[in-house]
Each structure stands twice: as C-alpha cells, then as structure tokens.
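What follows is a set of notes on a single structure, which appears directly below.
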Amino acid sequence: MVEALGVAVVGFGWMGRVHTRAYARVRHHYPLLPLRPELVTVAEEVPGRAEEAAAQFGFVSATRDWREVAADPRIGAVSITAPNFLHREIAVAMAEAGKHVWIEKPVGLSSDDARAVADAVAKAGVQGAVGFNYRNAPAVEAARDLIAGGEIGTVTHARIRLFSDYAAHPESALTWRYERERGGSGVLGDLASHGADLARFLLGDIASLTADTAVFLPERARPTAATAGHSRAVGGELGPVENEDYVSCLLRFASGARGVLEACRVSVGEQNNYGFEVHGTTGAVFWDFRRMNELGVSRGTAYQDQPVSTVHVGPGHGEFAAFQPGAANAMGYDDLKVVEAYRFLRSIAEGTPYGATPADAVHSAAVLDAMARSAERGARVEVRPRG
C-alpha cells in the first residue's frame, strides 16, 4: 500500500526547483517506494514567485510566510532551500512542528547552527536529510567501496577540488551570498562544504588542518530588484564582499592520511571542475564531476608505470540501476537529487536514516569552522565536531 505524504518547499530559487522536480520524479525511478510525495505548499517571500511556482509545478497552495507551512497539518515533510541565514530558524521550527526536513547545505552559518538543527531533529524524532548530493554519484560510491576494500592499498594522500566561475564576473550582484550576516562564509559554505563531506565520506574523519583564504573581487554592485541564482547588477551602488572567494587547505585525517582541499568561486575558465584523486600504497582512484559516470582506477602490483583504467559505472554501482539499464549510459546532476529524495523518503517510511543526515552536516560545518580559525590564526588547528 502506498501512503501519500504532503510536502512543502520553502525557498524557490534554483535549488527549490531542483527539489520539486526530484519529488515529482522519485516514484518514476523507485516504484516500490511506499510513500507518494504530494506537492502541497510552496513558500517564497519574493512577491509573485510562490504563485508562479504553484502554477508551473502544481502545488496546491502558495504563501510568502514559511510559518504557515509549520502550522499546516497537511504537510509531513519540508524541503528547506532558503538562504543560509534562515536554515537554522526554519529547520528547528519544522522539526518542532513534527515535520521531516530535507535541508540544503551548509545548514546555517556555523557548526552551532548545524548542531542546533541536528539536535532539534533528534529531539523531535523526525527524519533529516542534507543536500550533499555529490556523494550520491554511483562512481563516488564505487570509489568509496574500492577504497574501503583495500583495492588501492592503504590511503596515503588525496586531493579534492571544487573550482567554479559562477562568481567570476565583476558585475555579479552583491546578493546575500557575499554578506557575513546572511551568507556566513563564502566559498567555504558553498563549495568547500561539499569537499569536506566528500573527504569524510571517502576517507573518514579529518583530525586537523591548515587553511588559507582570500577575497579576489572585493567589491560588487548591489542589486536593485529581486535576484535568483547568480544574477548580474550593472550600475548599482558598490558594496564590500565580506566573505572569501577562495580557500586552500592541508588536511590530516584520523587515519594518518594527508590531503589537500581547494575551492574557488571566481576561477575564470573553470565550470564545475569538481573532483578528487585518492592515492594509496598500491594504486589510485580518480573522479571528475564533469565526467560523472566514469572512474579512473589504477591497481595492481607494478607500482611504477602502473596504468590507469577508465571504469564506466553501471547497474551494481550505487543507485545507477534506478536510472539506466547499462554501463556508460549517463546520469546527470538532477538525478543525484532524485537519489537524495528517495533516501529521504525511505528514511521516513522505515524510520531509519539513509543518505546524508544533519549529523553529517555537523561534521562538515566543524571542518569549515576549523578552516576559518586556521586562516585567521595562520596556524594548524584541530577539527572539533562536538564543540
């Protein structure tokens, strides 16, 4: 028997649309899922945007006040895709109202915010999911299994990169993303949060780190109207960019392995250049998001001049079989969010967490806090996920 579950989406920029499409598609790919998400309400404070979303996607109702969602008995689960500074308040309120929450990273402005959300979810006995979508790629899950199985020997070092040009244009609007009060960190929260999660997902806890940050475009123009995504603003009053464009970080894992994590939002010539290289005593594994369904693997006994093979993931790797029938048929970004939606809904149906949780967000946020402390002090610091 399939049970209907009323869902709401709070915040309807690009990511709100991605979550909504994932809800619409999830039972197409997972027909045995015992829950059927029904789009009840969309909440967005920008005038007219919620109504447009309801008309396009089929939400039953629209509102500018997310508090109406918390009070609505029709709604059992909520996607929180609003700006970072609202994450903690909305997520805690939804959990306290008995709603399951699927929240986008970085789950607030600090590890304190992430901890508050994780505690609220646990206390309320609801399920929580977090938008660390890159760990859902079948190739990434295959890499994790390969590493855990000793296929490349003992991990010695790794490099994780997240380079993008979304903020590279000097006319990019000075939105909330560039303000400390509303955006918190810059590229730390936006991209390095994914890197911290990938590092831990693949290689375990990070014990300590040394970081450096920089702002390369110190001023941007203030927008004169509502914005979505990464809009441009021409002729507006210039204001200061308050958070970092770039971070580089040397990592020490609890296992003893070493790592490098680097992220930048103003990398001209780079479009979503996300990926990792993990090296071990007998081999290595490589992944590039732009070739999401491929994995570079080197293993054997040659050590020197050992070749790298390209593995095309297929059924048997992660959730690939829910989307394509055979290897080398490509999955895409939105598919990763469908996987996320499935794991969120399965968690609700079974009462057991699947996929990334608020506890994972606490670990990622602790790494980001450590990066900020290290950059400020110019010294190595320990990562403290529990305060």
- Query: Passes salt bridge (Lys or Arg N to Asp or Glu O under 4.0 Å), Glu151 versus Arg299? Steps please.
  - Reply: CA-CA 7 Å; Glu151 294 292 318; Arg299 54 188 165 186; 3.2 Å; yes

- Task: Flag the pair Lys337 and Asp334 as a salt bridge only when some basic side-chain nitrogen lies within less than 4.0 angstrom of an acidic carboxylate oxygen.
- Result: no

- Message: Check for me, please, whether Leu336 and Leu202 land in the same ILVMFWY cluster - side-chain distances under 4.5 Å, paths through other members count.
- Response: yes

- Say whether Glu382 and Ser208, considering side chains only, have a donor N or O and an acceptor N or O under 3.5 Å apart. no

- For residues His279 and Phe286, establish whether the separation of their ring centroids is below 6.0 Å. yes

- Do Leu345 and Met15 belong to the same hydrophobic cluster, where Ile, Leu, Val, Met, Phe, Trp and Tyr are linked whenever their side-chain heavy atoms lie under 4.5 Å apart, directly or via other members? yes

- Do Glu277 and Arg159 meet the salt-bridge criterion of a basic N to acidic O distance under 4.0 Å? yes

- Look at Asp288 together with Arg161 and state whether they make a salt bridge at an N to O cut-off of under 4.0 Å. yes

- Criterion side chain to side chain contact (heavy atoms under 4.5 Å, CB included) on Lys123 and Asp119, from CA distance to verdict: CA-CA 6 Å; Lys123 182 177 180 180; Asp119 289 346; over 6 Å; no

- Task: Assess whether atom CZ of Arg27 is packed by more than 12 heavy atoms of other residues, nucleotides or ligands within 6.0 Å.
- Result: yes

- Task: For Asn272 and Arg290, test the side chains for any donor-to-acceptor distance below 3.5 angstrom and give the result as yes or no.
- Result: no

- Salt bridge flag under 4.0 Å for residues Arg144 and Glu141: no

- Given side chain to side chain contact (heavy atoms under 4.5 Å, CB included), test Asp205 with Phe253 step by step and report yes or no. CA-CA 6 Å; Asp205 288 342; Phe253 291 88; over 6 Å; no

- Task: Work out which heavy atom in Leu261 is nearest to a heavy atom in Gly195; give both atom names and the distance.
- Result: CD1-C, 3.5 Å

- For Lys105, the option from Asp197, Asp190, Asp360 that meets side-chain contact (heavy atoms from CB on, under 4.5 Å): Asp190

- Task: Measure the spacing between CG of Leu209 and SG of Cys249 and express it to the nearest 0.5 Å.
- Result: 4.0 Å

- Item | NZ/NE/NH1/NH2 to OD/OE distance under 4.0 Å, Arg180 and Glu244 | yes

- Task: Considering non-hydrogen atoms only, spot the tightest contact between Gly6 and Val40 and give its length.
- Result: CA-CG2, 3.6 Å

- Message: With rounding to the nearest 0.5 angstrom, report the CG to CG distance, Asp212 to Leu250.
- Response: 10.0 Å

- Query: Are Arg49 and Glu52 close enough for a salt bridge, meaning some N to O gap below 4.0 Å?
  - Reply: no

- Determine, using ring centers only, whether His194 and Tyr274 are less than 6.0 Å apart. no

- Item | CD (Glu376) with more than 12 external heavy atoms under 6.0 Å | no

- Query: Are Val313 and Ile152 connected in the hydrophobic side-chain network, where two residues link if heavy atoms are under 4.5 Å apart?
  - Reply: yes

- Item | Distance flag, aromatic centroids of Phe132 and Trp102, threshold under 6.0 Å | no

- Verify salt bridge (Lys or Arg N to Asp or Glu O under 4.0 Å) between Asp112 and Arg88, making sure each step is shown before the conclusion. CA-CA 9 Å; Asp112 286 342; Arg88 176 176 179 167; 5.9 Å; no

- Message: Please tell me whether Tyr134 and Phe276 form a close aromatic pair, meaning their ring centres lie under 6.0 Å apart.
- Response: no

- Verify same cluster id: Phe57, Leu5 (apolar side-chain graph, 4.5 Å): yes

- Message: Between Arg36 and Glu38, does any NZ, NE, NH1 or NH2 come within less than 4.0 Å of an OD or OE carboxylate oxygen?
- Response: yes

- May I ask you to decide whether Glu242 forms a salt bridge with Arg220, counting only side-chain N to carboxylate O separations under 4.0 Å? no

- Query: Side chains of Arg177 and Asn243: is there a donor and an acceptor less than 3.5 Å apart?
  - Reply: no

- Would you please test Tyr246 and Glu262 for side chain to side chain donor-acceptor pair (under 3.5 Å) and show each step? CA-CA 8 Å; Tyr246 170 84; Glu262 192 177 15; 2.6 Å; yes

- Task: Would you check if there is a donor-acceptor pair between the side chains of Thr41 and Ser61 at a distance under 3.5 Å?
- Result: yes

- Task: Determine whether Val247 and Phe216 fall in the same hydrophobic cluster, where Ile, Leu, Val, Met, Phe, Trp and Tyr are linked whenever their side-chain heavy atoms lie under 4.5 Å apart.
- Result: no

- Query: With a 3.5 Å cut-off and no angle check, do the side chains of Ser79 and Tyr23 form a donor-acceptor pair?
  - Reply: yes

- Task: Determine whether the side chains of Glu319 and Tyr30 contain a donor N or O and an acceptor N or O closer than 3.5 Å.
- Result: yes

- Distance-only polar pair, side chains of Tyr166 and Gln271, donor-acceptor under 3.5 Å: no

- Message: So does Val10 get a backbone contact from the side chain of Thr81, meaning a donor-acceptor N/O pair under 3.5 Å?
- Response: yes

